[in-house]
Amino acid sequence: MKTRFFIATILMVTLTMSGMAQGKSSRFSLELRPAASLATTKLGDISLKPGYGAEGILHLNVWNGASFYGGWGWNKFASEESVAGSNLDFEETGYAMGLRYTFDLPKSMGVFVRAGAIYNHIEAEDGGDVISDTGHGWGWQAEAGMDISLGRGWMLRPGLKYQSLNRDLTLGSATRNVDLNYLSLGIGIAKIF
C-alpha cells in the first residue's frame, strides 16, 4: 500500500511540475457538492429508498483542462422495509481520488468528465447506533457534468455520477457480500484559486 501511495505522489508532483514548466499557471479549486442519490441495485437483498449526501473535493489543475482530484464523501440511504424488525439506515463514507478533464465551451462554460477510485466503507445504523461496519475497501466512480462560470473565480458544477462499492456486510449472525451501486445528481459550488 505504501508503495502505491509513493508512486502516485511522485506521479502527481512530476505532472504538476511539467505543467508549470510549460508556462501554465497551476491553479486549484475547492468544491462542495450536495447531491441526491438513487440506488441502482439492492444492497444484498435490501431495497433502498432514494438517499442524499455531500462531497468536498480539491482539484489540482496540471494542464489546460486536466486535473487530479481528491476528497471526502458521505451518502445515506434508508431501507424500504424493516430488516430483522428494524428500519435500517446505511451510510457510505470515505475518500475519492482520480482524474478530471474539462472541455471548454463558449461563454465561460465547459463540459467535464472524471473517473477515479474510492476508498469507502458502509455502516448499518439502527436508530443512529452503528450495528455493522464493513471496513474500508476500494471501489470506483465516474461522472460527467457542466462547468458554469459565475464570475470572480466561482463555478457552478452540476453533474451526474455513478459510484460502485463492493463489501462484506454483517447483520446479526449473517455475513453477505453486497454491492452499493448508485447514481448521484449533484450541484457543486467551486472556488478557483
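Side-chain contact between E80 and L48: absent, with no pair of heavy atoms (C-beta onward) separated by less than 4.5 Å. For the pair L105 and V111, the minimum side-chain heavy-atom distance is below 4.5 Å. Between L150 and I189 the shortest side-chain heavy-atom distance falls below 4.5 Å. I118 is listed as a side-chain neighbour of Q163, based on a closest heavy-atom distance under 4.5 Å. For the pair L60 and S67, the minimum side-chain heavy-atom distance is 4.5 Å or more. Put simply, the side chain of L169 reaches to within 4.5 Å of the side chain of L43, judged on heavy atoms.
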side-chain contact (heavy atoms from CB on, under 4.5 Å), that's the test. Do M146 and M155 meet it? Break it down for me. CA-CA 10 Å; M146 298 280 300; M155 301 289 288; over 6 Å; no

Verdict with supporting geometry, K49 and E81, salt bridge (charged side-chain N to carboxylate O under 4.0 Å, His left out): CA-CA 9 Å; K49 294 179 181 179; E81 64 276 335; over 6 Å; no

Is there a ring-ring contact (aromatic ring centres under 6.0 Å, His included) between F28 and H59? Walk through the geometry before answering. CA-CA 5 Å; F28 65 94; H59 299 269; over 10 Å; no

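To the nearest 0.5 Å, atom OG of residue S37 and atom CG of residue L183 are 9.0 Å apart. From N120, atom CG reaches atom CD of Q141 across 8.0 Å, with rounding to the nearest 0.5 Å. To the nearest 0.5 Å, atoms CG (D168) and CG (N177) are separated by 5.0 Å. Atom CG of N64 sits about 7.5 Å away from atom CG of D104, to the nearest 0.5 Å. Separating the CD1 atom in I148 from the NZ atom in K107 is a distance of 13.0 Å, to the nearest 0.5 Å. Here OG of S29 is found 7.0 Å from CG of L58. Values are rounded to the nearest 0.5 Å.
Taking all atoms of both residues into account, the shortest heavy-atom contact from R33 to G186 is NH1-O, 3.7 Å.
Between the side chain of R27 and the backbone N or O of N61 there is no donor-acceptor pair closer than 3.5 Å. Distance alone, capped at 3.5 Å, is enough to place a donor-acceptor pair between the K191 side chain and the R152 backbone.
A salt bridge does not link E92 with R167: every distance from a Lys NZ or Arg NE/NH1/NH2 to an Asp or Glu carboxylate oxygen is 4.0 Å or more. Salt bridge R114/E55: present, at least one basic N to carboxylate O contact under 4.0 Å.
No hydrogens or angles considered: a donor-acceptor pair under 3.5 Å links the side chains of N75 and Y182.
Cluster membership check: L32 does not share its hydrophobic cluster with I57, using side-chain heavy-atom separations under 4.5 Å among Ile, Leu, Val, Met, Phe, Trp and Tyr. Hydrophobic clustering of Ile, Leu, Val, Met, Phe, Trp and Tyr side chains at less than 4.5 Å, counting indirect connections, keeps V130 apart from F77. Cluster annotation: F112 and L160 are assigned to distinct hydrophobic clusters (Ile/Leu/Val/Met/Phe/Trp/Tyr, side-chain heavy-atom contacts under 4.5 Å, transitive). Y162 is not connected to Y52 by any chain of hydrophobic side-chain contacts under 4.5 Å among Ile, Leu, Val, Met, Phe, Trp and Tyr, and they are in different clusters. When the side chains of ILVMFWY residues are joined at heavy-atom separations under 4.5 Å, either directly or via intervening members, I131 and I122 end up in a single hydrophobic cluster.
With sequence neighbours excluded, the residues that form a side-chain hydrogen bond (donor to acceptor under 3.5 Å, both in side chains) with T170 are T175.
At least one test fails for R100 against the ring of Y69: distance under 6.0 Å to the centre or angle within 45° of the axis.
Residues in residues 125-134 take part in these side-chain hydrogen bond (donor to acceptor under 3.5 Å, both in side chains) pairs, two or more places apart or across chains: S86-D126, H121-D133. A salt bridge (charged side-chain N to carboxylate O under 4.0 Å, His left out) check over residues 173-187, counting only residues at least two apart or in different chains, returns the pairs D45-R176.
The neighbour count for Y95 OH, taken as heavy atoms of other residues, nucleotides or ligands under 6.0 Å away, does not exceed 12. Taking a 6.0 Å sphere around CD1 of I187, one finds it holds 12 or fewer heavy atoms contributed by other residues, nucleotides or ligands.
When ring centroids are compared, W72 and Y119 stay outside the 6.0 Å threshold.
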